[in-house]
There are 2 protein chains.
Amino acid sequence: MVQYTNASLDASFAALSDVTRRGVLEQLGSAEASITDLAAKFNMSLTGMKKHVGVLEHAGLVTTEKIGRVRTCKIGPRRLEEEMAWIDKYRQLWAARFDELDKVVEEMKRKEKVNGRKKRK
Amino acid sequence: MVQYTNASLDASFAALSDVTRRGVLEQLGSAEASITDLAAKFNMSLTGMKKHVGVLEHAGLVTTEKIGRVRTCKIGPRRLEEEMAWIDKYRQLWAARFDELDKVVEEMKRKEKVNGRKKRK
DNA sequence: TACATACTGAACCTCATGGTTCAGTATACG
DNA sequence: CGTATACTGAACCATGAGGTTCAGTATGTA
């Protein structure tokens with residue numbers, strides 16, 4: 001259950017795939033910031049930064065509020081639970097898969113002495 | 001420490017941002033598969049699937065080996081440790097940030113009665 | 001040898017991304 | 001009021017993503 005996650009996983013993993021956006025998230029983790037602040041910190045035009053913030057906001061990772069002239073950005077409602085869960089599930093698959101392989105390898109080890117080892121590097 | 005992760009984070013989060021590729025990883029978690037197998041399962045041309053596998057391989061999430069005509073794909077060496085670590089760090093920032101806000105809110109609660117609340121909507 | 005299978009590469013298409021500049025609009029301030 | 005600030009939107013550009021088809025090449029198999 002909790003299977004409806006596909007669309008948001010797409011959006012959030014895509015949001016995380018850009019180093020600037022990960023930087024923005026880290027920045028917002030320590031303090032709120034305006035578009036201007038962020039644009040300056042990441043050496044980018046206001047418009048460019050606005051787009052990044054838009055992507056993060058669309059992924060639910062950032063929320064913004066405009067007060068007067070200033071749009072303030074802060075860390076958003078989503079906490080990457082689903083992303084964490086997906087990765088964790090994957091890691092379990094991985095582990096299971098390699099346990100299996102380990103068994104095969106054990107098997108082969110016992111059976112060898114006949115054959116010489118595969119290159120291990 | 002472990003700060004050299006940027007490039008691989010870009011590649012792996014990007015790899016994970018596509019539902020087909022996540023599906024391929026899940027599939028390979030339970031069994032190895034050829035390009036043909038995967039293309040059939042995900043209803044896609046061989047060439048298209050080959051590209052997806054290429055992306056996953058480039059991100060270190062899949063390895064492939066061609067034996068005879070058949071290229072067999074299996075789960076690769078990387079276990080998303082860095083991705084997990086990044087997300088976890090982010091979640092801690094998030095938690096810290098909201099602890100802080102909680103304190104501020106507490107503070108405000110105690111100090112009010114004087115001021116009437118800011119609109120909460 | 002002949003044919004089918006399995007992949008590979010090039011070329012192409014469409015649409016999204018990451019960025020820019022430029023021209024507004026709205027708000028703050030003296 | 002006038003000017004500076006802060007954002008916004010449109011337009012543009014180059015590149016890459018996700019997909020296709022088509023024409024190979026290499027390998028199995030009868």
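Both backbone and side-chain heavy atoms feed into the values below; hydrogens, waters and symmetry mates do not. Chain letters run A, B, ... following the sequence lines, proteins first and then strands; every chain starts at 1. Predicted model only: the values in this text are computed from it and were never measured.
Across B:Arg78 and A:Tyr90, no two heavy atoms sit closer than the pair O-OH, 3.8 Å. Of all the heavy atoms in B:Ile87 and A:Glu83, the pair that sits closest is CD1-CB, 3.9 Å. The heavy-atom pair separating B:Cys73 from B:Val62 by the smallest distance is CB-CG1, 4.3 Å. Of all heavy-atom pairs spanning B:Arg21 and B:Ser17, the tightest one is NH2-OG, 4.3 Å. Between B:Leu61 and B:Ala15, the shortest heavy-atom contact is CD1-CB, 4.2 Å.
Here the P atom of nucleotide D:dA17 and the CG atom of B:Leu16 are 15 Å apart, to the nearest Å. One can place CD1 of B:Ile35 at 14 Å from P of D:dG19, the figure rounded to the nearest angstrom. Regarding B:Arg22, its CZ atom lies at a distance of 15 Å from the C1' atom of D:dG18, rounded to whole Å. Between B:Asp18 atom CG and D:dG18 atom P the separation is 5 Å, expressed in whole Å. Rounded to a whole Å, the CD1 atom of B:Ile67 is 16 Å from the C1' atom of C:dT5. Here D:dT20 presents its C1' atom at 14 Å from CE of B:Met49, a figure rounded to the nearest Å. Per the geometry, NZ belonging to A:Lys51 stands 10 Å off P belonging to C:dG19, to the nearest Å. Between the CZ atom of A:Arg21 and the C1' atom of C:dA16 there is a distance of 11 Å, rounded to whole Å.
Taking side-chain N and O atoms only, A:Arg71 has a distance below 4.0 Å to OP1 or OP2 of D:dT8.
Residues of residues 37-47 of chain A that place a heavy atom closer than 4.0 Å to DNA chain D, in numerical order, are A:Leu46, A:Thr47.
Residue contacts shown for A:Gly68 are limited to sugar-phosphate atoms, with no base heavy atom under 4.0 Å away.
With D:dT5, C:dG18, C:dA11 as the candidates, the nucleotide lying closest to the side chain of A:Arg69 is D:dT5. Each of C:dT8, D:dG19, D:dT8 was ranked by its minimum atom distance to the side chain of A:Lys66; first place goes to D:dT8.
Between the side chains of B:Glu81 and B:Trp86, no donor-acceptor pair of N or O atoms lies under 3.5 Å.
A donor N or O paired with an acceptor N or O is not found under 3.5 Å between the base of D:dG9 and the side-chain atoms of A:Lys50.
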side-chain hydrogen bond (donor to acceptor under 3.5 Å, both in side chains) assessment of A:Thr63 paired with A:Glu57: CA-CA 6 Å; A:Thr63 55; A:Glu57 197 168 12; over 6 Å; no
